[in-house]
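Notes follow the structure.
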Amino acid sequence: MQIFPNLKRNSNDHISKDTYIHKLDARVKILSVFILMVITACIKGWLSFLILAIFISLLHFFSQTSPFLTIKRLKTFKFFFILTGVMHFFFTPGEIFPYFPLEYMNVTYDGIEKGAIILGRLSFIIITTSIFTLTTSPKCIAKGLEDMFNPVKKILPGLGTFSTMVVLTIQFIPILLNLAENEIKRAKNSEGSQKRGLTARIRFLTKVTDSYFESVIKEVDRMCDAEEFW
Amino acid sequence: MAARVSKETVYLSLLTALAIIIHGFEYMIPAVTPWFKFGLANSVSLAVISVFGMKQALIVSILRIFISSLFFGTFLSPIFILSFTGGVAGTIAMGVAYKVFFPFFSMIGISLIGAYVHVLAQGGIIFVLIIQHQNIFLLLPAMLLLSLVTGVVNGNIAIKLSDHLKNANFSKSEKKLK
């Protein structure tokens, strides 16, 4: 069983291309995303949404990223969208929208307007952050954040080793992932893995994690004794 | 001094990697509701609090959330904001509760406190930033009830992990970390 195919590939959805947006400094991109998120959270009228849509289309054009890729990301948030829609459409007081087909549930004009604004904002924020992750590699993001924290290093010295810890963690992940997959393969052949039901699964999980921790600690002690880290 | 810092960096990076992998184990459990997760990675944060301290647990939590968001391409998205708020609030709550209440409360009780604060913090952020409708709080009783189960499970896992960590040679040799 593969727990995390992304972790095995050791990459995210970053697509490497030779565009101006790809070449921009990560700090500029991170700050721009923050500013764009704040602006998106404040917009209300249809004209503002139109201007934002044109701006995001230009971002897609200059970064040569496919809009279908970024719009596909919205599927991950479908539960948020449904919950937001239901909350606003059915539970906002106001003048009732007369054309809703169900008899016992009332949709209001104010609910439709507010729900549409919130859903629009959420969609644009998700698309903006998708463009950011598609055009910036994880290494650049970590380096950019560490550079941004430079002025604060005197107050919080731990931040200086931030990108070192990111790199180290990414290096440890394949080792621990192999141990996890071995442990799960071993446990799958045992009795508890075939049982269905929530409590049986939780008991099985507790057993697997206990033996997994044991194997991780043994492996780390071995690596420490062999001085493989430093 | 340089050797001490580098060893702490290595141990915390290792524990962060462990937290990321443990998060993957959640897929073994069938989902009770959409988007509600067991949060097994918080059990690693609690084990780190008991063995190393709250500052180290916060570093592990923040690093874990950040690296997971890089791998899944959700950095700065609403999911990242929710994870960050819940993770940091839960870890701080567990750290304070451990300092004040342990051993009067067991690790399971402290894990429950962390789980409740995690859910409340995420509920607050969802209300302020994402859904912006007060009826979201109607879901809180159900979420807190589910947190009762996850808090107990995470507490049990944290007890096992902290026992393994206390017996490990690498943590015995680095008592200065606490």
Side-chain angles (χ1 to χ4, degrees), chain A residues 3-4 6-7 11-14 30 33-34 37 41 73 76-77 79-80 83-84 87-88 91-92 118 122 125-126 129-130 132-134 138 141-142 145 158 161 164-166 168-170 172-173 175-177 180 198 201-202 204-206 208-210 213-214 216-217 220-221 224-225 229-230, chain B residues 3 5-7 9-14 16-18 20-30 32 34-35 38 40 43 55 59 63-64 66-67 69-80 126 129-133 135-136 139 149 153 156-157 160-161 164-165 167-170 173:
Chain A
I3 308 175
F4 278 144
N6 266 11
L7 288 176
S11 68
N12 70 342
D13 297 307
H14 168 245
I30 291 169
V33 168
F34 263 122
M37 280 167 70
R73 285 279 176 88
T76 326
F77 296 85
F79 182 72
F80 274 128
L83 194 61
T84 305
M87 291 274 163
H88 285 282
F91 295 103
T92 305
I118 304 286
L122 206 51
I125 287 172
I126 292 163
T129 54
S130 300
F132 170 68
T133 50
L134 283 169
I141 296 174
L145 281 173
T161 54
T164 314
M165 288 175 84
V166 170
L168 275 173
T169 305
I170 291 172
F172 279 132
I173 284 172
I175 301 169
L176 298 186
L177 196 53
L198 192 60
R201 282 274 163 179
I202 291 171
F204 174 68
L205 172 78
T206 319
V208 167
T209 48
D210 192 24
F213 292 149
E214 205 180 316
V216 165
I217 299 297
V220 171
D221 278 343
C224 284
D225 290 340
F229 298 150
W230 41 74
Chain B
V5 169
S6 71
K7 278 189 181 176
T9 304
V10 170
Y11 298 148
L12 294 179
S13 308
L14 177 79
T16 308
L18 184 63
I20 293 171
I21 303 293
I22 287 291
H23 178 60
F25 281 43
E26 286 178 13
Y27 295 96
M28 284 196 249
I29 308 173
V32 178
W35 127 73
F38 263 72
L40 294 179
S43 60
K55 188 183 117 186
I59 292 171
L63 210 52
R64 187 251 313 165
F66 173 69
I67 293 173
S69 70
L70 286 185
F71 271 113
F72 298 108
T74 56
F75 184 61
L76 295 180
S77 72
I79 284 178
F80 171 78
I126 289 174
L129 289 180
I130 300 174
I131 292 180
Q132 296 177 19
H133 197 288
N135 278 13
I136 191 67
L139 291 174
V149 176
V153 171
N156 275 310
I157 293 173
K160 290 190 164 73
L161 178 56
H164 285 296
L165 282 175
N167 292 330
N169 292 335
F170 68 84
S173 64

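By convention in this document, chain letters (A, B, ...) are assigned in the order of the sequence lines, proteins followed by strands, and residues within each chain are numbered from 1. These figures come from a predicted structure and were not determined experimentally.
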So how far is it from A/Ile141 CD1 to B/Phe75 CZ, rounded to the nearest 0.5 Å? 6.0 Å
Does the side chain of B/Leu63 reach to within under 4.5 Å of the side chain of A/Val166, using non-hydrogen atoms? yes
Kindly compute the distance separating CG (B/Leu70) from CD1 (A/Ile170), expressed to the nearest 0.5 Å. 6.5 Å
Please classify the contact of B/Ile67 with chain A as side chain, backbone, both or neither, using a heavy-atom distance under 4.5 Å. side chain
So for B/Phe66, is it side chain, backbone, both, or neither that comes closer than 4.5 Å to the heavy atoms of chain A? side chain
Quick check on A/Thr92 against chain B: is it the side chain, the backbone, both or neither that has a heavy atom closer than 4.5 Å? both
For residues B/His164 and A/Ile217, report the shortest heavy-atom separation together with the two atoms involved. CB-CG1, 3.9 Å
With chain A, the option among B/Leu129, B/Leu18, B/Val149 that has the most non-hydrogen atom pairs under 4.5 Å is B/Leu18
Are B/Leu139 and A/Leu83 packed together at the side-chain level, in the sense that at least one heavy-atom pair is separated by less than 4.5 angstrom? yes
Drop me the distance from B/Leu14's CG to A/Leu176's CG, to the nearest 0.5 angstrom. 5.5 Å
If you count heavy-atom pairs under 4.5 Å with chain B, which of A/Ile126, A/Ile175, A/Leu145 comes out on top? A/Leu145
Report yes if some heavy atom in the side chain of A/Phe80 is under 4.5 Å from a heavy atom in the side chain of B/Ile126; otherwise report no. yes
Would A/Met165 and B/Ile59 count as a side-chain contact (heavy atoms from CB on, under 4.5 Å) here? Give the steps. CA-CA 10 Å; A/Met165 288 175 84; B/Ile59 292 171; 3.5 Å; yes
Would you call B/Ile22 and A/Thr209 a side-chain contact if the rule is heavy atoms closer than 4.5 Å? yes
Any heavy-atom pair between the side chains of B/Ile130 and A/Phe77 that's under 4.5 Å? no
State, with a plain yes or no, whether a side-chain heavy atom of A/Thr84 is found less than 4.5 Å away from one of B/Gln132. no
Give the ring-plane orientation class for A/His88 versus B/His133, where under 30° counts as parallel, over 60° as perpendicular and anything between as tilted. perpendicular
Partners passing side chain to side chain contact (heavy atoms under 4.5 Å, CB included) against A/Ile125 (at least two apart in sequence or in another chain): A/Met37, A/Thr40, B/Pro78
Rounded distance (nearest 0.5 Å) linking atom CD1 of B/Ile21 with atom CD1 of A/Ile173: 5.5 Å
Minimum side-chain heavy-atom gap B/Leu165-A/Phe213 below 4.5 Å: no
If I compare all heavy atoms of B/Ala17 with all of A/Thr169, which pair ends up nearest, and what's the gap? N-CG2, 3.6 Å
